[in-house]
Amino acid sequence: MVYGLGIESSCDETSIAIVRDGNEVVSLKVYSQIETHSPYRGVVPEIASRAHLEKINSLLAVCMEEAKIQFLELKYIAVTGYPGLVGSLMIGAQLARCISLVHSIPIVLVNHLEAHLTVIGLENELPAFPWLGVLLSGGNSSIYIYKGFGDLQLLADTNDDSLGEAFDKVSAVLGLPYPGGPYIEKEALEYKRPKGEKNPFPKLLKEDGPEKIRFSYSGLKTAVLYYLKSLTEPPPIQKISFYFQQTAFELVVRNIKKAIQKTNIKTVVAAGGVLANETLRSVLLAESKTAPFQLYYPQKKIYCTDNGAMVACLGYHLWKEKKFVGLDFKVSPKRNFEQII
Ligand code: AMP
Ligand code: MG
């Protein structure tokens with residue numbers, strides 16, 4: 001049996017996990033800093049680093065206790081090295097170095113975005129590569145061609161706001177709490193669309209042909225703002241939330257179809273915080289049946305959020321490939337870390 005430790009501290013979740021054989025979660029703890037950052041309606045890097053520092057050791061202790069194992073039984077320590085907030089990444093990195101130094105356990109450095117995709121390995125046998133990796137989160141709206149562990153090629157990216165960011169900004173103008181995703185989702189689900197009613201927001205990037213695959217959500221945010229300005233009555237929050245989601249998700253589906261067309265890859269793995277959205281999940285599922293493509297997304301919502309289990313899961317495969325790093329490894333805010341070290 002191979003026990004691995006996963007450490008995640010790239011943004012606003014502190015998380016530790018112990019995973020067996022790369023696919024079985026023995027213990028997982030996630031401490032979300034949402035409440036700490038919510039007065040600022042966004043993640044404040046300095047506060048995030050301090051909050052990680054305060055929590056990380058106690059999460060580790062609880063996980064070790066729950067797993068009923070000793071440090072010496074760990075075969076590897078997987079830690080998120082990039083991308084993320086550097087001050088936050090450093091907290092996880094330092095913990096990894098300490099345990100590694102004291103117990104002589106190898107460290108593997110994990111790409112946070114890749115870990116979001118491989119987390120499906122905790123719920124399914126991993127499909128054969130290549131995959132289309134669709135990342136929709138607070139910091140990303142992108143599609144990767146995922147060819148093998150550590151081998152990701154960016155196919156499509158956002159020009160401006162990520163999808164999660166759009167949810168968060170639109171929720172702010174609607175007077176909903178932070179982070180906006182779950183609140184907009186709730187409002188949208190309550191909306192009873194009158195038959196024949198038109199979407200008040202324009203189709204996004206409709207000028208793009210089949211070759212051009214990209215995301216851009218700042219236009220939708222502006223459309224919501226203009227719509228609000230045009231009103232003389234209190235804003236219909238449920239209606240705006242409904243059509244915001246419809247418009248935003250239509251672009252996701254269109255881009256996935258284009259990516260399949262362009263690459264002929266029919267395995268699609270969607271992940272990241274926005275995949276917690278039930279409407280998005282069912283839209284993608286319906287598309288996968290008609291398009292068709294093999295769709296995976298994390299079934300458990302905790303695996304959509306940043307978590308240590310996804311880090312330990314990817315870490316297992318890197319450990320098998322002996323992709324160890326020395327104690328002097330660096331962390332980085334960049335996605336293509338290999339290009340900067
Ligand atoms: P992450 O960057 O992966 O930590 O995900 C956080 C982002 O996901 C934030 O922008 C949230 O607003 C968004 N998010 C979380 N839950 C939902 C949801 N149910 N629907 C849409 N977006 C969500
Ligand atoms: Mg987060």
For this session: Is it possible for you to say whether Val268 and Trp131 belong to one hydrophobic cluster, with membership spreading through side-chain heavy-atom contacts below 4.5 Å?
Result: no

Exercise. Between Thr267 and Gln294, is any side-chain donor less than 3.5 angstrom from a side-chain acceptor?
Worked result: no

For this session: Give a yes or no on whether the backbone of Leu89 and the side-chain of Ser10 come within a donor-acceptor separation of less than 3.5 Å.
Result: no

Exercise. In Å and rounded to the nearest 0.5 Å, what is the NZ to CD distance from Lys258 to Gln261?
Worked result: 11.0 Å

For this session: Keeping the roles fixed (side chain from Asn277, backbone from Thr279), state whether a donor-acceptor pair exists under 3.5 Å.
Result: yes

Exercise. Can you tell me how far the CG atom of Leu174 sits from the CG atom of Leu228, to the nearest 0.5 Å?
Worked result: 6.0 Å

Problem set entry | Test salt bridge (charged side-chain N to carboxylate O under 4.0 Å, His left out) applied to Arg20 and Glu73, step by step | CA-CA 11 Å; Arg20 190 160 42 213; Glu73 292 174 73; over 6 Å; no

Problem set entry | Main-chain N/O of Ile260 paired to Lys266 side chain as donor or acceptor, under 3.5 Å | no

Exercise. Is the shortest heavy-atom distance from the side chain of Glu8 to the side chain of His112 under 4.5 Å?
Worked result: yes

Problem set entry | Pair Asp161-Ser218, side chain to side chain donor-acceptor pair (under 3.5 Å): steps then yes or no | CA-CA 6 Å; Asp161 292 353; Ser218 65; 5.3 Å; no

Exercise. How far apart are the C-alpha atoms of Phe242 and Gln238, what are their side-chain angles, what is the distance that settles it, and do they pass the side-chain contact (heavy atoms from CB on, under 4.5 Å) test?
Worked result: CA-CA 6 Å; Phe242 177 88; Gln238 293 178 356; over 6 Å; no

For this session: Decide whether Ile77 and Met64 are clustered together by the hydrophobic rule: side chain heavy atoms of Ile, Leu, Val, Met, Phe, Trp, Tyr closer than 4.5 Å, transitively.
Result: yes

Exercise. Does the side chain of Val252 come within less than 4.5 Å of Val283's, by heavy atoms?
Worked result: no

Problem set entry | Cluster overlap Val19 with Ile69, hydrophobic side-chain contacts below 4.5 Å | no

Problem set entry | Residues forming a ring pair (Phe, Tyr, Trp, His ring centres under 6.0 Å) with Tyr227, sequence neighbours excluded | Phe201

For this session: Determine whether His116 and Asp306 make a side-chain contact, defined as any pair of heavy atoms from C-beta on separated by less than 4.5 Å.
Result: yes

For this session: Could you check if a side-chain atom of Phe324 sits within less than 4.5 angstrom of a side-chain atom of Trp319, using non-hydrogen atoms only?
Result: yes

For this session: Ignoring hydrogens and angles, tell me if any N or O in the side chain of Glu287 forms a donor-acceptor pair with the backbone of Val253 under 3.5 Å.
Result: no

For this session: Step through the shown structure and confirm whether more than 12 heavy atoms of other residues, nucleotides or ligands are within 6.0 Å of CE on Met90.
Result: no

Exercise. Can you find a pair of side-chain heavy atoms, one from Phe249 and one from Leu136, that are under 4.5 Å apart?
Worked result: no

For this session: Report yes or no: does Arg281 contribute a side-chain atom to a donor-acceptor pair with the main-chain N or O of Tyr297 at less than 3.5 Å?
Result: no

Exercise. If we only count heavy atoms from C-beta on, is the Val311 to Ile7 side-chain gap below 4.5 Å?
Worked result: no

Seminar exercise, completed: Paired with Lys239, the side-chain contact (heavy atoms from CB on, under 4.5 Å) test is passed by just one of Pro236, Ser241, Pro235, namely Pro236

Exercise. Between Phe244 and Phe167, is the ring centre distance below 6.0 Å?
Worked result: yes

For this session: State yes or no: do Leu327 and Val331 share one hydrophobic cluster built from I, L, V, M, F, W and Y residues joined by side-chain heavy-atom distances below 4.5 Å, directly or via other members?
Result: yes

Problem set entry | Value rounded to 0.5 Å, distance of CD1 in Ile107 from CG in Leu101 | 9.0 Å

Exercise. Judged by modelled atom types alone, do Ser9 and His52 share a side-chain donor-acceptor pair under 3.5 Å?
Worked result: no

Exercise. So, the side chain of Lys301 versus the backbone of Ala276: is there a donor-acceptor pair under 3.5 Å, distance only?
Worked result: yes

For this session: Test salt bridge (charged side-chain N to carboxylate O under 4.0 Å, His left out) on Arg214 and Glu207 and set out the steps.
Result: CA-CA 12 Å; Arg214 58 179 179 146; Glu207 66 278 18; 3.5 Å; yes

For this session: State whether the side chain of Ser141 and the backbone N or O of Thr158 hold a donor-acceptor pair below 3.5 Å, judged by distance alone.
Result: no

Problem set entry | Closest non-hydrogen atom pair between Thr14 and Leu59, with its separation | O-CD1, 3.4 Å

Exercise. So, the side chain of Asp168 versus the backbone of Gly180: is there a donor-acceptor pair under 3.5 Å, distance only?
Worked result: yes

Problem set entry | Axial cation check for Tyr183 ring with Lys186, 6.0 Å and 45° limits | no

For this session: Would you name the heavy atoms of Glu185 and Gln245 that are closest together and state the gap between them?
Result: CA-OE1, 3.2 Å

Problem set entry | Residue pair Lys257 / Asn255, side-chain donor-acceptor N/O under 3.5 Å | no

Problem set entry | Leu117 reachable from Phe129 in the ILVMFWY side-chain graph, under 4.5 Å edges | yes

Problem set entry | Euclidean distance, Lys262 NZ relative to Lys212 NZ, rounded to 0.5 Å | 10.5 Å

Problem set entry | Donor-acceptor contact below 3.5 Å, side chain Glu123 vs main chain Lys300 | yes

Seminar exercise, completed: Of all heavy-atom pairs linking Val110 and Ala115, the shortest is CG1-CB, 3.8 Å

Exercise. Any side-chain heavy-atom pair from Ile34 and Pro179 closer than 4.5 angstrom?
Worked result: yes

For this session: Report the C-alpha distance between Ile99 and Leu60 in whole Å, list the side-chain angles of each, state the deciding distance to 0.1 Å, and finish with yes or no for side-chain contact (heavy atoms from CB on, under 4.5 Å).
Result: CA-CA 11 Å; Ile99 305 170; Leu60 174 68; 3.9 Å; yes

Exercise. Which pair of non-hydrogen atoms, one from Ser137 and one from Gly272, has the smallest distance, and what is that distance?
Worked result: CB-CA, 4.2 Å

Exercise. Is there any salt bridge (charged side-chain N to carboxylate O under 4.0 Å, His left out) pair reaching into residues 42-60, and which pairs are they, with sequence neighbours excluded?
Worked result: Glu46-Arg50

For this session: For Pro83 and Pro333, work out which heavy atoms get closest and say how close.
Result: CB-O, 3.2 Å

Exercise. Quick one: CD1 on Ile237 to OG on Ser171, what's the gap to the nearest 0.5 Å?
Worked result: 10.5 Å

For this session: Output the distance between atom CG (Leu53) and atom OG (Ser88), rounded to the nearest 0.5 Å.
Result: 10.5 Å

Exercise. Hey, does Val79 have a side-chain heavy atom less than 4.5 Å from the side chain of Leu95?
Worked result: no

For this session: Keeping the roles fixed (side chain from Asp21, backbone from Val2), state whether a donor-acceptor pair exists under 3.5 Å.
Result: yes

Exercise. Given the rule in the side-chain contact (heavy atoms from CB on, under 4.5 Å) test, do Tyr217 and Val170 qualify, once you have shown the distances and angles that lead to the verdict?
Worked result: CA-CA 10 Å; Tyr217 286 109; Val170 167; over 6 Å; no

For this session: Start with the C-alpha gap between Asn111 and Tyr82, add the side-chain angles, then the distance that decides, and say whether side-chain contact (heavy atoms from CB on, under 4.5 Å) holds.
Result: CA-CA 5 Å; Asn111 173 343; Tyr82 62 100; 3.5 Å; yes

Under 3.5 Å, side-chain donor or acceptor atoms of residues 145-156 against the rest of the protein: list the pairs with distances, not counting sequence neighbours.
| residue | atom | partner | partner atom | Å |
| --- | --- | --- | --- | --- |
| Tyr146 | OH | Glu114 | OE2 | 2.6 |
| Lys147 | NZ | Gln153 | OE1 | 2.7 |

Exercise. Should the pair Arg97 and Phe329 be classed as cation-pi, given the thresholds of under 6.0 Å to the six-membered ring centre and 45° from the axis?
Worked result: yes

Exercise. What pair of heavy atoms forms the shortest contact from Leu28 to Ser15, and how long is it?
Worked result: CD1-OG, 3.6 Å

